[in-house]
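See structure below.
Since the structure is predicted, the reported quantities are computational estimates derived from the model, not experimental observations.
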Amino acid sequence: MAASNPSAWWDGLVIDADGTTATVALLNGTTVELRVVGPAVDIAVGEPVAYHPVAELLSASAIVTTARLA
């Protein structure tokens, strides 16, 4: 789904992360809290990420994991 909707990715910066959730300040001025379903250990505060709300994916450095609105 993400590949068929490449323009749906939202870029942002992680402002809080605890291993199961990540709060992301999106570049459009909004903030989203995401419940990370897959590996979130490597997601760090200050890290640039991309969130795909349609496919419910979070891309951070070397990982792409499932992330749903908390």
Supply the atom-to-atom distance Arg35 CZ to Arg68 CZ, rounded to the nearest 0.5 angstrom. 6.0 Å
What are the two closest heavy atoms between Pro53 and Ala8, and how far apart are they? CD-O, 3.4 Å
Mind listing the closest non-hydrogen atom pair of Val64 and Ser59 along with its distance? CG2-OG, 3.9 Å
dist Leu26:CG -> Thr31:OG1 (nearest 0.5 Å) comes out at 7.0 Å
Residues in side-chain contact (heavy atoms from CB on, under 4.5 Å) with Asp18, at least two apart? Thr20, Thr21
Distance from Leu34 atom CG to Leu58 atom CG, nearest 0.5 Å? 6.0 Å
Does the pair Val36 and Thr66 meet the rule for a side-chain contact (heavy atoms from CB on, under 4.5 Å), with working shown? CA-CA 6 Å; Val36 180; Thr66 303; over 6 Å; no
Check the hydrophobic clustering (I, L, V, M, F, W, Y; side-chain heavy atoms under 4.5 Å; chains of links allowed) and say if Leu69 and Leu27 are grouped together. no
Name all residues meeting the side-chain contact (heavy atoms from CB on, under 4.5 Å) criterion together with Ala60; count only those two or more places apart in sequence or in a different chain, and write none if there are none. Ile43, Glu47, Val49, Ile63
Smallest separation among heavy atoms of Leu13 and Gly46, with atom names: CD2-O, 3.8 Å
Output, in order, the C-alpha distance, side-chain angles, deciding distance and verdict of side-chain contact (heavy atoms from CB on, under 4.5 Å) for Val24 and Tyr51. CA-CA 9 Å; Val24 178; Tyr51 172 60; 5.8 Å; no
